[in-house]
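Heads up, the thing below is written out as structure tokens.
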Amino acid sequence: MDYWQGWAFVVVNLVATTIFIGYYYRHDRELLARRLLRKETVFTQKFIMFVLQRVAVLFYLVCALDHRFGWSRQRLAPLPGWLSILALLAYGGGFLLNIPVLNANRFAASVIQVESGQVLADQGAYRWVRHP
């Protein structure tokens with residue numbers, strides 16, 4: 001329980017997620033519904049998502065156990081608090097950068113699919129980056 005960086009990460013994640021969902025709930029509910037859709041049909045994609053979800057849980061668990069048992073402190077000097085705060089701000093800002101990216105591509109979904117009326121996104125970040 002005495003792990004302010006972990007609690008701060010949870011707060012930043014919850015705030016950024018709430019802002020993201022609140023924004024799209026007010027401005028584009030169809031996009032929000034596509035982003036929340038999780039019924040993947042392609043086996044390879046299902047498998048990748050299964051593995052990534054388990055890796056994410058392990059990541060959080062290892063971070064908490066490292067703090068509890070001091071594994072990294074035995075080999076490295078502790079990080080200064082300002083660096084943790086900077087990393088949290090970068091994480092939250094990066095998370096919220098999804099808003100202008102999704103505004104440029106309304107058809108970005110968590111499940112890959114082609115929809116009627118879908119066009120090639122070439123605005124915003126898509127001026128420089130192309131992906132399906």
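FYI, the numbering just counts along the sequence from 1.
Taking the side-chain hydrogen bond (donor to acceptor under 3.5 Å, both in side chains) definition, one finds that Y60 meets it with nothing, sequence neighbours left out. Taking F69 as the reference, L65, W71 meet the side chain to side chain contact (heavy atoms under 4.5 Å, CB included) condition, with sequence neighbours excluded. T44 pairs by the side chain to side chain contact (heavy atoms under 4.5 Å, CB included) definition with V42, I48, not counting sequence neighbours. Residues passing the side chain to side chain contact (heavy atoms under 4.5 Å, CB included) test with H27 are Y23, sequence neighbours excluded. Evaluation of the ring-ring contact (aromatic ring centres under 6.0 Å, His included) rule for Y25 yields no partner, not counting sequence neighbours. Under the side chain to side chain contact (heavy atoms under 4.5 Å, CB included) criterion, V15 pairs with V11, I19, not counting sequence neighbours. When the ring-ring contact (aromatic ring centres under 6.0 Å, His included) test is applied to W7, no partner is found at least two apart in sequence or on another chain. Applying the ring-ring contact (aromatic ring centres under 6.0 Å, His included) test to F47 and every residue at least two apart in sequence or in another chain returns nothing. Partners of F50 according to the ring-ring contact (aromatic ring centres under 6.0 Å, His included) rule, which considers only residues two or more places apart in sequence or in another chain, do not exist here.
Pairs passing the salt bridge (Lys or Arg N to Asp or Glu O under 4.0 Å) check and including a residue from residues 5-32, sequence neighbours excluded, read D28-R106, E30-R106.
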If you look only at distance, which donor and acceptor atoms sit under 3.5 Å apart when one is on a side chain in residues 82-101 and the other is two or more places apart or in another chain?
| from | atom 1 | to | atom 2 | distance (Å) |
| --- | --- | --- | --- | --- |
| Y91 | OH | N13 | OD1 | 2.8 |
| N98 | ND2 | F95 | O | 3.0 |

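By the 4.5 Å side-chain criterion applied to Ile, Leu, Val, Met, Phe, Trp and Tyr, V10 is assigned to a cluster that also includes L14.
For the residue pair D66 and Y3, no side-chain donor N or O sits within less than 3.5 Å of a side-chain acceptor on the partner.
Here the side chains of F9 and C63 are not in contact, with every heavy-atom distance at 4.5 Å or above.
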